[in-house]
Asker: 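Quick one: this structure, given as C-alpha coordinates, is what I'll be asking you about.
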Amino acid sequence: HERSVPLPMDSEYQRFIFEGEAWLTERRPDAGASLQVVCVFQTNCPGCFEHALPLLFEAEAKYAGDPRVSFSAVATAFEDFDVNTLDRAREVIDKTPGFRNVPVAFDKLICPEDRDVTAHATRILRAMKAQSDDGTLVISDDVAVQRLSFALKQRPYFAATFDGNALLGTPTWILVDQQNNIHHSLFGELRFKELQQLIASTLLVIAGPPPPDDDQRDDDDQRAQAQAKARKSKLLPRPQTFSEYYEEQKEKFDRGDPDALTLDDDSDDDIHFLPMTEGRREEERTTPPSSEE
(Lines give C-alpha, C1' and ligand atoms only; values in the text may rest on other atoms or scores of the structure.)
Protein backbone atom coordinates (compact mmCIF):
# COMPACT_ATOMS: atom_id res chain seq x y z
CA HIS A 1 0.00 0.00 0.00
CA GLU A 2 1.07 3.57 -0.52
CA ARG A 3 0.68 4.95 2.96
CA SER A 4 -0.66 4.08 6.37
CA VAL A 5 -1.63 6.93 8.65
CA PRO A 6 -1.95 6.03 12.35
CA LEU A 7 -3.55 9.06 13.98
CA PRO A 8 -3.07 10.16 17.61
CA MET A 9 -6.12 9.53 19.77
CA ASP A 10 -6.19 13.16 20.99
CA SER A 11 -5.98 14.77 17.55
CA GLU A 12 -8.80 17.19 16.68
CA TYR A 13 -8.34 16.38 12.97
CA GLN A 14 -8.98 12.66 13.12
CA ARG A 15 -12.76 12.43 12.73
CA PHE A 16 -14.11 10.24 9.95
CA ILE A 17 -16.40 12.21 7.66
CA PHE A 18 -19.16 10.15 6.05
CA GLU A 19 -22.01 11.52 3.98
CA GLY A 20 -23.78 9.17 1.59
CA GLU A 21 -26.31 9.67 -1.18
CA ALA A 22 -28.01 6.31 -0.62
CA TRP A 23 -27.51 2.80 0.75
CA LEU A 24 -27.26 0.28 -2.07
CA THR A 25 -27.74 -2.86 0.02
CA GLU A 26 -30.19 -3.91 2.70
CA ARG A 27 -27.48 -4.51 5.27
CA ARG A 28 -26.07 -1.72 7.42
CA PRO A 29 -22.82 -1.48 9.38
CA ASP A 30 -23.02 -2.91 12.90
CA ALA A 31 -23.15 0.16 15.13
CA GLY A 32 -22.21 -1.98 18.14
CA ALA A 33 -18.89 -3.11 16.67
CA SER A 34 -15.73 -1.69 18.21
CA LEU A 35 -14.08 -1.24 14.82
CA GLN A 36 -15.49 -0.25 11.43
CA VAL A 37 -13.42 -1.29 8.39
CA VAL A 38 -14.47 0.79 5.38
CA CYS A 39 -13.34 0.16 1.81
CA VAL A 40 -13.73 3.15 -0.51
CA PHE A 41 -13.79 2.25 -4.23
CA GLN A 42 -14.85 3.44 -7.68
CA THR A 43 -16.85 1.34 -10.12
CA ASN A 44 -14.29 1.96 -12.90
CA CYS A 45 -11.25 1.23 -10.71
CA PRO A 46 -9.44 -1.95 -11.94
CA GLY A 47 -7.41 -2.32 -8.75
CA CYS A 48 -10.56 -2.17 -6.66
CA PHE A 49 -12.12 -5.16 -8.41
CA GLU A 50 -8.89 -7.12 -8.80
CA HIS A 51 -7.61 -6.75 -5.23
CA ALA A 52 -9.59 -4.62 -2.79
CA LEU A 53 -13.11 -5.97 -3.15
CA PRO A 54 -12.08 -9.66 -3.14
CA LEU A 55 -10.11 -8.88 0.01
CA LEU A 56 -13.15 -7.15 1.50
CA PHE A 57 -15.35 -10.18 0.83
CA GLU A 58 -12.73 -12.56 2.23
CA ALA A 59 -12.22 -10.50 5.38
CA GLU A 60 -15.96 -10.15 5.98
CA ALA A 61 -16.31 -13.94 5.81
CA LYS A 62 -13.32 -14.54 8.09
CA TYR A 63 -14.58 -12.11 10.75
CA ALA A 64 -18.26 -13.04 10.44
CA GLY A 65 -18.27 -14.49 13.97
CA ASP A 66 -16.38 -11.59 15.58
CA PRO A 67 -18.84 -8.96 16.88
CA ARG A 68 -16.03 -6.47 17.42
CA VAL A 69 -15.47 -5.87 13.69
CA SER A 70 -17.87 -4.59 11.03
CA PHE A 71 -17.10 -4.21 7.31
CA SER A 72 -18.68 -1.83 4.81
CA ALA A 73 -17.93 -0.13 1.51
CA VAL A 74 -18.43 3.28 -0.05
CA ALA A 75 -18.69 3.66 -3.81
CA THR A 76 -17.33 7.10 -4.62
CA ALA A 77 -16.48 9.30 -7.59
CA PHE A 78 -13.61 11.75 -7.89
CA GLU A 79 -13.25 11.48 -11.69
CA ASP A 80 -15.13 10.11 -14.70
CA PHE A 81 -18.42 11.32 -13.26
CA ASP A 82 -20.31 10.06 -16.32
CA VAL A 83 -19.27 6.47 -15.42
CA ASN A 84 -19.05 6.52 -11.64
CA THR A 85 -22.73 7.14 -11.09
CA LEU A 86 -25.30 5.95 -8.59
CA ASP A 87 -27.08 3.83 -11.21
CA ARG A 88 -23.82 2.27 -12.36
CA ALA A 89 -22.92 1.43 -8.76
CA ARG A 90 -26.30 -0.25 -8.22
CA GLU A 91 -25.80 -2.33 -11.37
CA VAL A 92 -22.33 -3.45 -10.36
CA ILE A 93 -23.38 -4.35 -6.82
CA ASP A 94 -26.40 -6.35 -8.01
CA LYS A 95 -24.11 -8.41 -10.26
CA THR A 96 -21.43 -9.02 -7.61
CA PRO A 97 -22.41 -11.82 -5.14
CA GLY A 98 -19.87 -10.76 -2.55
CA PHE A 99 -21.80 -7.58 -1.80
CA ARG A 100 -24.73 -9.59 -0.40
CA ASN A 101 -23.06 -9.64 3.02
CA VAL A 102 -21.44 -6.19 2.91
CA PRO A 103 -23.23 -2.88 3.51
CA VAL A 104 -22.53 -0.47 0.61
CA ALA A 105 -23.31 3.24 0.36
CA PHE A 106 -22.88 5.61 -2.55
CA ASP A 107 -20.89 8.73 -1.74
CA LYS A 108 -22.75 12.02 -1.85
CA LEU A 109 -21.75 14.03 -4.92
CA ILE A 110 -22.12 17.76 -4.42
CA CYS A 111 -22.22 20.55 -6.97
CA PRO A 112 -19.95 23.40 -5.88
CA GLU A 113 -22.76 25.92 -6.09
CA ASP A 114 -24.95 23.79 -3.81
CA ARG A 115 -22.55 23.75 -0.88
CA ASP A 116 -20.43 26.19 1.05
CA VAL A 117 -17.19 25.30 -0.67
CA THR A 118 -15.07 27.17 1.86
CA ALA A 119 -16.53 25.15 4.73
CA HIS A 120 -15.90 21.90 2.89
CA ALA A 121 -12.38 23.00 2.00
CA THR A 122 -11.78 23.58 5.70
CA ARG A 123 -12.88 20.01 6.45
CA ILE A 124 -10.49 18.73 3.82
CA LEU A 125 -7.70 20.83 5.33
CA ARG A 126 -8.26 19.26 8.73
CA ALA A 127 -8.01 15.77 7.23
CA MET A 128 -4.84 16.72 5.36
CA LYS A 129 -3.23 18.09 8.52
CA ALA A 130 -4.14 14.91 10.39
CA GLN A 131 -2.23 12.92 7.77
CA SER A 132 0.88 15.08 7.98
CA ASP A 133 3.77 14.02 10.19
CA ASP A 134 3.45 16.91 12.65
CA GLY A 135 -0.11 18.09 12.05
CA THR A 136 0.93 21.11 9.99
CA LEU A 137 1.32 22.06 6.33
CA VAL A 138 4.05 24.05 4.60
CA ILE A 139 1.54 26.80 3.79
CA SER A 140 -0.81 28.72 6.05
CA ASP A 141 -4.32 27.50 6.69
CA ASP A 142 -5.83 30.49 4.91
CA VAL A 143 -3.81 29.89 1.75
CA ALA A 144 -4.60 26.16 1.85
CA VAL A 145 -8.35 26.80 2.15
CA GLN A 146 -8.23 29.25 -0.75
CA ARG A 147 -6.44 26.77 -3.01
CA LEU A 148 -8.71 23.90 -2.03
CA SER A 149 -11.81 26.01 -2.61
CA PHE A 150 -10.57 27.02 -6.03
CA ALA A 151 -9.84 23.38 -6.96
CA LEU A 152 -13.29 22.25 -5.80
CA LYS A 153 -15.02 24.94 -7.85
CA GLN A 154 -13.29 23.71 -11.02
CA ARG A 155 -14.89 20.29 -10.74
CA PRO A 156 -18.48 19.46 -11.70
CA TYR A 157 -18.84 17.57 -8.40
CA PHE A 158 -16.90 16.81 -5.28
CA ALA A 159 -17.54 13.74 -3.13
CA ALA A 160 -18.42 14.41 0.50
CA THR A 161 -16.74 11.31 1.94
CA PHE A 162 -13.81 11.03 -0.46
CA ASP A 163 -12.85 14.70 -0.41
CA GLY A 164 -13.92 15.27 3.20
CA ASN A 165 -11.33 12.73 4.38
CA ALA A 166 -8.68 13.97 1.90
CA LEU A 167 -8.31 10.52 0.38
CA LEU A 168 -5.57 9.99 -2.17
CA GLY A 169 -7.43 7.66 -4.51
CA THR A 170 -9.09 4.26 -4.66
CA PRO A 171 -9.04 1.75 -3.21
CA THR A 172 -8.64 3.21 0.27
CA TRP A 173 -9.11 1.33 3.54
CA ILE A 174 -10.20 3.28 6.62
CA LEU A 175 -10.28 1.84 10.15
CA VAL A 176 -12.63 3.78 12.44
CA ASP A 177 -13.59 3.28 16.09
CA GLN A 178 -16.95 3.90 17.76
CA GLN A 179 -16.00 7.51 18.52
CA ASN A 180 -15.48 8.10 14.78
CA ASN A 181 -11.70 8.34 15.19
CA ILE A 182 -9.66 7.24 12.19
CA HIS A 183 -6.87 4.90 13.29
CA HIS A 184 -5.55 4.01 9.83
CA SER A 185 -6.09 5.26 6.29
CA LEU A 186 -4.44 3.17 3.58
CA PHE A 187 -4.42 3.86 -0.13
CA GLY A 188 -3.55 1.12 -2.62
CA GLU A 189 -3.20 -2.64 -2.66
CA LEU A 190 -3.37 -4.49 0.64
CA ARG A 191 -2.95 -8.17 1.46
CA PHE A 192 -5.15 -10.12 3.84
CA LYS A 193 -2.35 -10.71 6.35
CA GLU A 194 -1.59 -6.98 6.45
CA LEU A 195 -5.24 -6.11 6.97
CA GLN A 196 -5.52 -8.80 9.65
CA GLN A 197 -2.53 -7.38 11.52
CA LEU A 198 -3.94 -3.85 11.34
CA ILE A 199 -7.29 -5.02 12.66
CA ALA A 200 -5.69 -6.96 15.51
CA SER A 201 -3.39 -4.12 16.57
CA THR A 202 -6.21 -1.55 16.40
CA LEU A 203 -8.57 -3.75 18.42
CA LEU A 204 -5.92 -4.09 21.13
CA VAL A 205 -5.78 -0.31 21.38
CA ILE A 206 -9.51 0.37 21.45
CA ALA A 207 -11.06 -2.81 22.86
CA GLY A 208 -8.35 -4.85 24.60
CA PRO A 209 -7.69 -8.57 24.03
CA PRO A 210 -10.57 -10.69 22.70
CA PRO A 211 -12.56 -12.91 25.08
CA PRO A 212 -11.57 -16.58 24.83
CA ASP A 213 -13.87 -18.82 22.80
CA ASP A 214 -14.90 -22.34 23.87
CA ASP A 215 -11.90 -23.98 22.19
CA GLN A 216 -9.57 -21.47 23.80
CA ARG A 217 -11.12 -22.13 27.21
CA ASP A 218 -10.61 -25.88 26.73
CA ASP A 219 -6.99 -25.27 25.75
CA ASP A 220 -6.50 -23.03 28.79
CA ASP A 221 -8.03 -25.67 31.10
CA GLN A 222 -5.80 -28.40 29.68
CA ARG A 223 -2.78 -26.14 29.99
CA ALA A 224 -3.63 -25.35 33.61
CA GLN A 225 -4.09 -29.04 34.41
CA ALA A 226 -0.75 -29.88 32.80
CA GLN A 227 0.98 -27.12 34.75
CA ALA A 228 -0.59 -28.30 38.01
CA LYS A 229 0.49 -31.86 37.27
CA ALA A 230 4.02 -30.69 36.50
CA ARG A 231 4.19 -28.76 39.78
CA LYS A 232 2.89 -31.80 41.65
CA SER A 233 5.41 -34.11 40.02
CA LYS A 234 8.21 -31.89 41.29
CA LEU A 235 6.95 -32.28 44.86
CA LEU A 236 6.39 -36.06 44.83
CA PRO A 237 9.27 -38.54 44.60
CA ARG A 238 9.62 -40.41 41.36
CA PRO A 239 8.62 -44.09 41.65
CA GLN A 240 11.66 -46.35 42.09
CA THR A 241 12.62 -48.90 39.50
CA PHE A 242 13.25 -52.49 40.55
CA SER A 243 17.02 -52.02 40.23
CA GLU A 244 16.96 -48.89 42.40
CA TYR A 245 14.85 -50.60 45.03
CA TYR A 246 17.13 -53.67 45.02
CA GLU A 247 20.26 -51.54 45.50
CA GLU A 248 18.58 -49.64 48.32
CA GLN A 249 17.70 -52.87 50.15
CA LYS A 250 21.17 -54.27 49.52
CA GLU A 251 22.76 -51.22 51.15
CA LYS A 252 20.44 -51.62 54.14
CA PHE A 253 21.39 -55.30 54.37
CA ASP A 254 25.12 -54.53 54.27
CA ARG A 255 24.62 -51.99 57.06
CA GLY A 256 22.73 -54.55 59.15
CA ASP A 257 19.55 -52.52 59.00
CA PRO A 258 16.72 -54.58 60.60
CA ASP A 259 14.26 -53.13 58.06
CA ALA A 260 16.21 -54.58 55.16
CA LEU A 261 14.58 -57.13 52.86
CA THR A 262 16.37 -59.98 51.15
CA LEU A 263 15.63 -61.94 48.02
CA ASP A 264 13.63 -65.12 48.49
CA ASP A 265 15.89 -67.46 46.52
CA ASP A 266 13.87 -70.54 47.50
CA SER A 267 10.71 -69.39 45.76
CA ASP A 268 9.79 -70.85 42.39
CA ASP A 269 7.76 -67.76 41.62
CA ASP A 270 9.09 -64.46 40.36
CA ILE A 271 11.77 -62.88 42.51
CA HIS A 272 10.37 -61.06 45.52
CA PHE A 273 11.56 -59.80 48.90
CA LEU A 274 11.06 -61.27 52.35
CA PRO A 275 11.60 -59.55 55.70
CA MET A 276 15.17 -60.03 56.91
CA THR A 277 14.96 -61.83 60.27
CA GLU A 278 17.94 -62.10 62.62
CA GLY A 279 18.43 -65.81 61.92
CA ARG A 280 18.23 -65.41 58.13
CA ARG A 281 20.56 -62.41 58.21
CA GLU A 282 23.15 -64.39 60.20
CA GLU A 283 22.72 -67.40 57.90
CA GLU A 284 23.32 -65.38 54.77
CA ARG A 285 26.36 -63.76 56.32
CA THR A 286 28.04 -67.06 57.34
CA THR A 287 27.01 -69.30 54.46
CA PRO A 288 29.71 -69.29 51.81
CA PRO A 289 28.63 -68.99 48.22
CA SER A 290 27.81 -72.36 46.65
CA SER A 291 30.00 -73.60 43.81
CA GLU A 292 29.18 -76.19 41.18
CA GLU A 293 31.27 -79.33 41.36
Asker: Stepwise, does the side chain to side chain contact (heavy atoms under 4.5 Å, CB included) test hold for Gln36 with Phe16?
Answerer: CA-CA 11 Å; Gln36 300 287 338; Phe16 176 58; over 6 Å; no

Asker: Hey, is the main chain of Asp82 close enough, under 3.5 Å, to the side chain of Thr85 for a donor-acceptor pair?
Answerer: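 Absent.
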
Asker: Is the backbone of Asn101 close enough, under 3.5 Å, to the side chain of Arg27 for a donor and an acceptor to pair up by distance?
Answerer: yes

Asker: Go through the steps for Asn180 and Phe18 under the test side chain to side chain contact (heavy atoms under 4.5 Å, CB included), then give the verdict.
Answerer: CA-CA 10 Å; Asn180 231 27; Phe18 170 72; over 6 Å; no

Asker: Roughly how far, to the nearest 0.5 Å, is CD1 of Ile199 from CG of Leu204?
Answerer: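 Spacing of CG (Leu204) from CD1 (Ile199) equals 12.0 Å.
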
Asker: Kindly indicate, with the supporting measurements, whether the criterion side chain to side chain contact (heavy atoms under 4.5 Å, CB included) is fulfilled by Ser149 and Val145.
Answerer: CA-CA 6 Å; Ser149 299; Val145 169; 3.9 Å; yes

Asker: Within the side chain of Thr25, is there an N or O that forms a donor-acceptor pair under 3.5 Å with the backbone of Val104?
Answerer: yes

Asker: Rounded at 0.5 Å granularity, tell me how far CG in Leu168 sits from CZ in Phe162.
Answerer: 7.5 Å

Asker: Okay, side chain of Asp66, backbone of Arg68: is any donor-acceptor separation there less than 3.5 Å?
Answerer: yes

Asker: How long is the gap from CZ on Phe187 to OG1 on Thr172, to the nearest 0.5 Å?
Answerer: 6.0 Å

Asker: Please step through salt bridge (Lys or Arg N to Asp or Glu O under 4.0 Å) for the pair Arg88 and Asp80, ending with a clear verdict.
Answerer: CA-CA 12 Å; Arg88 171 62 176 160; Asp80 300 330; over 6 Å; no

Asker: Tell me whether Val205 shares a hydrophobic cluster with Leu203, the cluster being built from Ile, Leu, Val, Met, Phe, Trp, Tyr side chains joined at under 4.5 Å.
Answerer: yes

Asker: Using salt bridge (charged side-chain N to carboxylate O under 4.0 Å, His left out) as the criterion, list what pairs up with Lys95, not counting sequence neighbours.
Answerer: Glu91

Asker: Report yes or no: does Arg191 contribute a side-chain atom to a donor-acceptor pair with the main-chain N or O of Leu55 at less than 3.5 Å?
Answerer: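 Side chain of Arg191 to backbone of Leu55, a donor-acceptor pair under 3.5 Å: no, none is there.
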
Asker: Return yes if some donor-acceptor pair links the side-chain N/O of Asn44 with the main-chain N/O of Asn84 below 3.5 Å, else return no.
Answerer: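 Such a contact is absent between Asn44 side chain and Asn84 backbone.
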
Asker: Could you grab the distance from atom CG of Leu24 to atom CD1 of Ile93, nearest 0.5 Å is fine?
Answerer: 4.0 Å

Asker: Do any pairs count as a ring pair (Phe, Tyr, Trp, His ring centres under 6.0 Å) and have a residue in residues 27-64, sequence neighbours left out, and if so which ones?
Answerer: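 Of all non-adjacent pairs touching residues 27-64, those that pass ring pair (Phe, Tyr, Trp, His ring centres under 6.0 Å) are Phe41-Phe99, Phe57-Phe99, Tyr63-Phe71.
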
Asker: Any idea which heavy atoms bring Ala52 and Cys39 closest together, and the distance?
Answerer: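 For Ala52 versus Cys39, the nearest heavy atoms are CB-SG, 4.1 Å.
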
Asker: Can you tell me how far the OH atom of Tyr157 sits from the CD1 atom of Ile110, to the nearest 0.5 Å?
Answerer: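 If we round to the nearest 0.5 Å, Tyr157:OH and Ile110:CD1 are 11.5 Å apart.
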
Asker: Kindly indicate, with the supporting measurements, whether the criterion side chain to side chain contact (heavy atoms under 4.5 Å, CB included) is fulfilled by Glu79 and Gln42.
Answerer: CA-CA 9 Å; Glu79 61 184 359; Gln42 282 196 131; 3.4 Å; yes

Asker: Measure the shortest side-chain to side-chain distance between His183 and Asp177 over non-hydrogen atoms and say whether it is less than 4.5 angstrom.
Answerer: yes

Asker: Closest heavy-atom contact between Cys48 and Pro171?
Answerer: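 For Cys48 versus Pro171, the nearest heavy atoms are SG-N, 3.7 Å.
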
Asker: Using the salt bridge (charged side-chain N to carboxylate O under 4.0 Å, His left out) criterion, which residues pair with Glu19? Sequence neighbours excluded.
Answerer: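 In terms of salt bridge (charged side-chain N to carboxylate O under 4.0 Å, His left out), with neighbours along the sequence ignored, Glu19 is linked to Arg115.
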
Asker: Which pair of non-hydrogen atoms, one from Phe192 and one from Ala59, has the smallest distance, and what is that distance?
Answerer: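 Scanning both residues, the minimum pair turns out to be CE1-CA, 3.9 Å.
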
Asker: If every non-hydrogen atom of Ala160 is compared with every non-hydrogen atom of Ile17, which pair is closest and at what distance?
Answerer: O-CG2, 4.1 Å

Asker: Between Arg15 and Asn181, is there a side-chain heavy-atom distance shorter than 4.5 Å?
Answerer: yes

Asker: Is there a path of hydrophobic side-chain contacts, each under 4.5 Å between heavy atoms of I, L, V, M, F, W or Y residues, that connects Val83 with Val40?
Answerer: no

Asker: Is it true that, when you exclude Glu26 itself, more than 12 heavy atoms of the residues, nucleotides or ligands shown sit nearer than 6.0 Å to its CD?
Answerer: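 At most 12 heavy atoms, drawn from other residues, nucleotides or ligands, come within 6.0 Å of this atom.
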
Asker: Within the 3.5 Å criterion, strictly below it, is a donor on Thr76 or Asp107 matched to an acceptor on the partner's side chain?
Answerer: yes

Asker: On a heavy-atom basis, which atom in Ser185 and which in Leu167 lie closest, and how many Å separate them?
Answerer: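 What the structure gives for the nearest pair is OG-CD2, 4.1 Å.
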
Asker: Under 4.5 Å between side-chain heavy atoms, counting indirect links through other Ile/Leu/Val/Met/Phe/Trp/Tyr residues: same cluster for Phe150 and Phe158 or not?
Answerer: no

Asker: Enter the distance from Leu86:CG to Arg90:CZ here, rounded to the nearest 0.5 Å.
Answerer: 4.0 Å

Asker: Just wondering, more than 12 heavy atoms not from Arg28 lying within 6.0 Å of its CZ?
Answerer: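 More than 12 within 6.0 Å, yes.
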
Asker: Can you see which heavy atom on Ser70 is nearest to which on Asp30, and at what distance?
Answerer: OG-N, 3.0 Å

